Protein chains: 2
Amino acid sequence: MSAVDELRSLILAGQYAPGDRLGEVELAEVLGVSRTPVREALRRLEAEGLVELVANKGARVVAYPGRDLETIFELRARVEGLAARQAALTASPDDVARLHEVAVDLRDHAERGELDAVYRLNSEFHQSLVRLGGSPLLGQSISSLIHSSVLLRTYGSFDEDAMRRSVNHHLEIAAAVRAGDPEWAEAVMRAHLFSARASLLGPRYQERTT
Amino acid sequence: MSAVDELRSLILAGQYAPGDRLGEVELAEVLGVSRTPVREALRRLEAEGLVELVANKGARVVAYPGRDLETIFELRARVEGLAARQAALTASPDDVARLHEVAVDLRDHAERGELDAVYRLNSEFHQSLVRLGGSPLLGQSISSLIHSSVLLRTYGSFDEDAMRRSVNHHLEIAAAVRAGDPEWAEAVMRAHLFSARASLLGPRYQERTT
DNA sequence: GACAGCCGACATGTATACAACTCCTCGGTT
DNA sequence: AACCGAGGAGTTGTATACATGTCGGCTGTC
């Protein structure tokens, strides 16, 4: 596993909290390599939006202000909405089957409360869908957004209802893609992301209609 | 000027054509620095979507297939549409004045046929607008898209009508932002980008089968 | 006692040397 | 003649050493 992937995993796993300082020598020891690959990793992760670099002062894990949270999900809704649309238009039967499988897996693990697996499968689902969109550029634009969202998981958490909604959204997106219906796929994706945003923002935004 | 900025300028200026190989030692000589900063620059430009890196094989300027051109502008319409919307909601009178000034400058240079200045002011306009959106994340997502579009300028060119349309779009966007009307701002921005796409696809697109 | 300026420790920025890998070439074999 | 493999040139990947800049503490003066 390359240094950049390893460091990204550490950050996304919460090993380093937002705002934490990332010293080059310290990381070099942790990762078991010299400073050179560490520097490369930091530059790339900065471009991905995971860390913040200041000249001659070093790197920190980004700490997005809460205000940006709404923008991030608004962006994801627009960009991943396009990805879902494209996927519905171009996905092969094999792709569809795989997507559905991930969604089912995600449901099963969610029912058993295995949150680690849920996080992993959720990421896999979204990334797969983007890949199906066909454009490598699209995927590049999105991955940083997804990563940012992951960093924000500390802001709030999914309750049982929100989790069930999320699971159903994934299944429905897979269904829409299988049906080859771009409008449906995009609409569900947008609903999925706005629902997630509402949950992360906290109870004051949630409807109490249930 | 740092190595990464300098290299980016060279690529965007067309000094290196899409598909060109970017040797580290060669760039080190051109930029007058050692290989270390060159490597950093390449890693960062890869994340920005300007160059393509293959392990142990080096870097090349990206060469997007023509098929991706439509996706790029569809993405820009969605993402920059959001930026325009946000800008309309939050821009200060000073910001608005500056934006309008850039649009006017752009018009004047366009009338005199000074294409270099037009390119520069066009970039400045779009980047300023994104900054007004307020979210640094938004700007980050967009810049790579804009760069990609610039790389594609070889695919076609603006005729006189398209240029006039583009100029008017910029002025209208500034007006919409000044009016604080998010719907208007986003709508014009979308029109602006789809218009640009149509011009770039142009009649010559059919010859360019990829 | 407080503040300005200096000094030193430590971090990042850069350069250079070496290791590992890829691809092309050349020679031999089938 | 075509193909396979070994060798070498050239590239990227990594490590280490040095240069430069920043921040904190200390000392001297007012």
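Since this is a predicted model, take the numbers as computed values, not measurements. Naming: A, B, ... by sequence-line order, numbering from 1 per chain.
- If you walk DNA chain D from 5' to 3' and mark each nucleotide with an atom closer than 4.0 Å to a heavy atom of chain B, the marks span dT11(D) to dT14(D).
- Of the residues in residues 36-46 of chain B, T36(B), P37(B) come within less than 4.0 Å of DNA chain C through at least one heavy atom, sorted by number.
- Residues satisfying the side-chain contact (heavy atoms from CB on, under 4.5 Å) criterion with A84(B), sequence neighbours excluded, are L129(B), A185(B), M189(B).
- When atom types are taken as modelled, the side chain of R21(B) and the backbone of R60(B) share no donor-acceptor pair closer than 3.5 angstrom.
- Judged as a ring-ring contact (aromatic ring centres under 6.0 Å, His included), and not counting sequence neighbours, Y16(A) has no contacts.
- Under the salt bridge (Lys or Arg N to Asp or Glu O under 4.0 Å) criterion, E24(A) pairs with R35(A), R39(A), sequence neighbours left out.
- Scanning residues 20-32 of chain B for heavy-atom distances under 4.0 Å to DNA chain D yields R21(B), L22(B), G23(B), E24(B).
- A donor-acceptor contact shorter than 3.5 Å is absent between the side chain of S199(A) and the backbone of D159(A).
- Partners of R85(B) by side-chain hydrogen bond (donor to acceptor under 3.5 Å, both in side chains), not counting sequence neighbours, listed by chain and number: E183(B), E186(B).
- In terms of the salt bridge (Lys or Arg N to Asp or Glu O under 4.0 Å) criterion, E26(B) has no residue partners (sequence neighbours excluded).
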Donor-acceptor pairs under 3.5 angstrom involving side-chain atoms of residues 97-107 of chain B: please list them, not counting sequence neighbours.
| from | atom 1 | to | atom 2 | distance (Å) |
| --- | --- | --- | --- | --- |
| R98(B) | NH2 | E124(B) | OE2 | 2.7 |

Hey, what are the protein-to-nucleotides 6-8 of chain C N/O distances that come in under 3.5 Å?
none

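- If you measure from atom CG of N56(B) to atom C1' of dA20(C), you get 8 Å, rounded to the nearest angstrom.
- Not counting sequence neighbours, the partners of R8(B) by the salt bridge (Lys or Arg N to Asp or Glu O under 4.0 Å) test are D5(B), E48(B).
- When atom types are taken as modelled, the side chain of R78(A) and the backbone of R78(B) share a donor-acceptor pair closer than 3.5 angstrom.
- With sequence neighbours left out, R190(A) forms a side-chain hydrogen bond (donor to acceptor under 3.5 Å, both in side chains) with no residue at all.
- With hydrogens and angles disregarded, no donor-acceptor distance shorter than 3.5 Å links the side chain of S166(A) to the backbone of A196(A).
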